[in-house]
Number of protein chains: 2
Amino acid sequence: MNPMTAARTTSPADRPQLGLRERKKIKTREAIRTATYALIKEQGYDATTIDQIAERAEVSPSTVFRYFPTKEDIVLTDEWDPILLEELRARPVDEPWPDTVRYVMLKAARMGVKDDLEVARLRTHLLVQVPAVRSRMMESMSVTGRMFCGAIAERTGRDPDSLEVRVYAMSLVGGLLEASMYWAERGHRDDFEDLLDRTLNVLEHGLPRQNPGEKP
Amino acid sequence: MNPMTAARTTSPADRPQLGLRERKKIKTREAIRTATYALIKEQGYDATTIDQIAERAEVSPSTVFRYFPTKEDIVLTDEWDPILLEELRARPVDEPWPDTVRYVMLKAARMGVKDDLEVARLRTHLLVQVPAVRSRMMESMSVTGRMFCGAIAERTGRDPDSLEVRVYAMSLVGGLLEASMYWAERGHRDDFEDLLDRTLNVLEHGLPRQNPGEKP
DNA sequence: CATGAAACTGAGAGTAGCTCTCAAAAACTA
DNA sequence: TAGTTTTTGAGAGCTACTCTCAGTTTCATG
């Protein structure tokens, strides 16, 4: 009942309940993504063309576009928005909102990173290196932001379209993105969960009085 | 000494101190932008091609690209980053940081909007309507964010590359962007300075307890 | 002025992302 | 097995964008 989540860690011969059509679709989708990741690792992002991807994935170029609207989407498509939402809804309603955010964010990070560290690293690396990917990522994060708006509204009885809620949500996703870039820029040396924790602190309480001396 | 600011409200025959070359450059730059704005108003963004812009501006298409790296940049190029920075530096060093931000942001908004309301409206309209423009805008805002990082570091003796500073800066520009979109989405009915004020409140103190009932 | 260096421009060819159409092939349904 | 729907491949076409190169204009000399 959740094709998005099923679509990721893929052992080729499970999901017997789906029709052959669906299974093939999932398979080509993965083939395209795998081919893309491989080619990017070999040649870099810009040097990798859709034709090459299509060739290695053994589909036609038009098929690639039928599965992913843009080249950036092949790398980015985040299937965790619905998961995040689900997680968000599962929290007790009387939990203070900042706590909820912290919990859900941490959980999401844990999933996204632990699930496939290689991919997470490549993604964040591209996030820093390739402007087009960064832009696309910001786009998708603003979508996530809108989702947060809905969640906040649901829980606190606010108007999801109010300026305050939208700004708050935007600063959340923006901070998360910045943390990701920071992580990648420094060669993924830091513990991502720690970065996330510090990020949420800033968003909750503003800048701390002074930096606790930290030069690597 | 500030070509960026000089480049905007343009009466054709001032700036006598610049060489002929510079004056011509500024003139074609403006011609391209004017042509673009006009065409977009007539036909919309996507339907307007570079060739059309070049034709109306009476330059060759290649020249258009020599002046603006992408089509979106013709509409967006914000010449106020340096102004903002200057304004920021002009504030007394002992002023509390949030106050400084508020002052500078308001000033910037006042400039950007009052200076040419027509253009400000068109820009924010495109911001909402055209994904490519939105992306490009986000890109440029992240540049502005880096600038803020520098300013914060300068004033507070912090490391401009620290996670905390970067997250803080990002949430600032993100909030500003969201406010702009909110403004445009609601048909520019609201007072932009008021929106900005509310935005900064959220960023400073988080979400207010409850929405003071506001349905227009 | 005149002459040479430097910058600016136009023309055109080329790449690649992306869209669209149409006919063939595959998968589901009865 | 026959018929309907979905998926696919092939290819044409559009446009943003890059690059090169020759011709012109502006600027700084002697």
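Throughout, protein chains are lettered first and strands after them, A, B, ... in sequence-line order, and every chain is numbered starting at 1.
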Review point. Are the side chain of B:Arg123 and the backbone N or O of B:Val75 linked by a donor-acceptor pair below 3.5 Å?
Key: yes

Practice item. Look only at the side chain of A:Arg166 and the backbone of A:Cys149, and say whether a donor-acceptor pair between them is shorter than 3.5 Å. Key: no

Check the distance between [N]'s [atom2] and [X]'s [atom1] and give it to me in whole angstrom.
X: B:Lys25; N: D:dT26; atom1: NZ; atom2: P; value: 14 Å
X: A:Lys71; N: D:dC17; atom1: NZ; atom2: C1'; value: 14 Å
X: B:Glu22; N: D:dT25; atom1: CD; atom2: P; value: 18 Å
X: A:Lys27; N: D:dT7; atom1: NZ; atom2: P; value: 16 Å
X: B:Ile74; N: D:dA16; atom1: CD1; atom2: C1'; value: 11 Å

Does [X] count as lying over the ring of [Y], i.e. NZ or CZ under 6.0 Å from the six-ring centre, within 45 degrees of the axis?
X: A:Lys25; Y: A:Tyr67; answer: no
X: A:Lys71; Y: A:Tyr45; answer: yes
X: A:Arg91; Y: A:Tyr103; answer: yes

Check your understanding: How are the rings of A:Tyr168 and A:Trp97 set to each other: parallel, tilted or perpendicular (split at 30° and 60°)?
Key -> tilted

Point to revise | Residue-level proximity of residues 48-60 of chain B to DNA chain C when a heavy atom falls under 4.0 Å | key: B:Val59, B:Ser60

Review point. Listed in order of residue number, which residues of residues 34-42 of chain B have a non-hydrogen atom at under 4.0 Å from DNA chain C?
Key: none

State plainly whether the residues [X] and [Y] are in salt-bridge range, i.e. N to O under 4.0 Å.
X: A:Asp161; Y: A:Arg146; answer: yes
X: A:Arg56; Y: A:Glu42; answer: yes
X: B:Arg198; Y: B:Asp191; answer: no
X: B:Glu193; Y: B:Lys107; answer: no

**Study point:** Heavy-atom neighbours of A:Glu22 CD exceed 12 at 6.0 Å
**Key:** yes

Check your understanding: Reckon A:Tyr67 has a side-chain N or O less than 4.0 Å from the OP1 or OP2 of D:dT8?
Key -> yes

Point to revise | nucleotides 19-27 of chain C: protein proximity per nucleotide (B base, S sugar-phosphate only, - neither; heavy atom, under 4.0 Å) | key: B------SB

